[in-house]
Structures are given as C-alpha cells and as structure tokens.
Amino acid sequence: MSATADHAEERTNLAARLGFEPGQVVQELGYDEDVDQELRESIEAVIGQDLVDEDYDDVADAVVLWFRDEDGDLTDALVDAIGLIEDGGVVWLLTPKTGRDGYVEPSDISEAAQTSGLSQTKSVSAGKDWTGGRLVTPKAAKTKR
C-alpha cells in the first residue's frame, strides 16, 4: 500500500471510529478556518458525500459541532443541535484541546450536556488541536448498548 493510501485509510478510520457510516447525512455547525480539515475529509469519505451546513433544512443523522469558548452559550448550541437530528442521532461536540485558543472546560461541557438532556458516551482525540465528545439523548444511549 502506498503512503498516500495509508494516510487516506488512517483518516477514514478516524471517522469510522467515531461511528460515521456510509449514506449518513451529517450536519456541520460552527465551521471556521481553524477546524480540522483532515477530520472533515475523513467524515466525508466515510459517508460518501459532503457535510451539510447550518442552512440544511431537513433532519440529519448526526451533527458535528465545532465549539470554542468564545462561541457563546454551549447549552444553547447543544439544544439547537438536538433539534437538527433524527431520534437516536448523535452530536459530536468538537472543542479545542487543553491549552489551545478557545479551550472549553470539561465541567462546562458536562453541565451543558446535562442541561440540554444529553449524555456523553465517548471522548476521543479528534485531531492535532481538537478533542471530541459523543453526545446522545438518553433514549439513544440505551439503544446503542
């Protein structure tokens, strides 16, 4: 296998490890120039289509929410994200890693998730500068066991 193929497989594997599947509609919120382009490309490679943006007017299977401390109220952002997904859908909350600009305290994430009715089921390193948290509604958490 070539180095390029290895690199492509590595990126695709990250999206697959996050639970993305072919054919899913994934809505992306909070896009800015600082997002991890490799992660975005890996998700698109797995789902077989482009991510849809905040103007998408149907429900999605999952939401990728890039969120930085200065982006406003996290609880509000999570409540908005929940309204965009199918029952049982997943919100991947992506925040800058410790020490990076826009870092969000884990306690703030936990409180916002709880307040918005979500449970965090998984945390991952989602690139060089980002960490990810898989957030689900309690009903979805029970069906995914």
Side-chain angles (χ1 to χ4, degrees), residues 6-145:
D6 284 344
H7 186 66
E9 183 179 341
E10 181 180 299
R11 288 193 336 234
T12 302
N13 284 344
L14 175 58
R17 277 195 348 253
L18 296 180
F20 293 103
E21 299 174 359
Q24 283 185 316
V25 174
V26 179
Q27 189 163 19
E28 179 181 44
L29 305 174
Y31 177 86
D32 205 341
E33 62 191 35
D34 64 344
V35 302
D36 189 297
Q37 292 298 330
E38 282 191 32
L39 177 58
R40 293 181 79 249
E41 291 168 10
S42 73
I43 294 169
E44 291 176 339
V46 167
I47 65 174
Q49 58 190 338
D50 290 342
L51 298 170
V52 297
D53 64 17
E54 60 272 347
D55 295 329
Y56 183 69
D57 62 359
D58 202 353
V59 291
D61 298 302
V63 167
V64 171
L65 172 59
W66 302 94
F67 192 87
R68 303 139 199 94
D69 186 52
E70 64 273 4
D71 285 348
D73 187 83
L74 180 54
T75 301
D76 288 346
L78 291 174
V79 168
D80 290 346
I82 293 167
L84 302 171
I85 55 174
E86 290 275 354
D87 286 343
V90 173
V91 175
W92 272 101
L93 174 62
L94 300 168
T95 58
K97 288 184 175 178
T98 305
R100 308 297 201 284
D101 285 344
Y103 170 73
V104 180
E105 290 288 338
S107 59
D108 293 342
I109 294 169
S110 178
E111 182 180 325
Q114 210 168 24
T115 301
S116 61
L118 295 168
S119 300
Q120 185 166 345
T121 62
K122 184 180 201 177
S123 292
V124 297
S125 174
K128 184 178 74 136
D129 296 318
W130 294 87
T131 188
R134 181 179 185 270
L135 305 175
V136 296
T137 60
K139 182 172 36 174
K142 291 176 187 163
T143 61
K144 290 284 186 183
R145 289 182 188 205

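In this chain, numbering begins with 1 at the start of the sequence shown. Heavy atoms only: backbone and side chains are in, while hydrogens, waters and symmetry mates are out.
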- For the pair I85 and V90, evaluate side-chain contact (heavy atoms from CB on, under 4.5 Å) and give the outcome as yes or no after the intermediate values. CA-CA 7 Å; I85 55 174; V90 173; over 6 Å; no
Going by the rule side chain to side chain contact (heavy atoms under 4.5 Å, CB included), which residues pair with [X] if we only count those two or more places apart in sequence or in a different chain?
{"X": "Q114", "value": "none"}
{"X": "V52", "value": "V25, Q27, Y56"}
{"X": "E54", "value": "L29"}

Can you name the side chain to side chain donor-acceptor pair (under 3.5 Å) partners of [X], sequence neighbours left out?
{"X": "Q24", "value": "none"}
{"X": "S110", "value": "none"}
{"X": "K122", "value": "none"}
{"X": "T75", "value": "none"}

- Message: Show me the pairs that pass ring-ring contact (aromatic ring centres under 6.0 Å, His included) and involve residues 60-83, at least two apart or across chains.
- Response: W66-W130
- Query: How would you list all residue pairs meeting ring-ring contact (aromatic ring centres under 6.0 Å, His included) that involve residues 97-122, not counting sequence neighbours?
  - Reply: none
- Message: Quick test of your reading: applying salt bridge (charged side-chain N to carboxylate O under 4.0 Å, His left out), list the pairs with at least one residue in residues 98-108, sequence neighbours left out, ordered by first then second residue.
- Response: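 Listed once each, the pairs are R100-D129.
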- Item | salt bridge (charged side-chain N to carboxylate O under 4.0 Å, His left out) contacts in which one or both residues fall within residues 23-37, not counting sequence neighbours |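 Sorted result for residues 23-37: E28-R40, D34-R68.
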Minimal non-hydrogen separation, [X] against [Y], with atom names:
{"X": "V46", "Y": "A15", "result": "CG2-CB, 3.6 Å"}
{"X": "A77", "Y": "L65", "result": "CB-CD2, 4.1 Å"}
{"X": "A126", "Y": "G132", "result": "CB-N, 4.1 Å"}
{"X": "A113", "Y": "L135", "result": "CB-CD2, 4.1 Å"}

- Message: Working to the nearest 0.5 angstrom, can you tell me the gap between L93 CG and L78 CG?
- Response: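 L93 atom CG to L78 atom CG measures 6.0 Å (nearest 0.5 Å).
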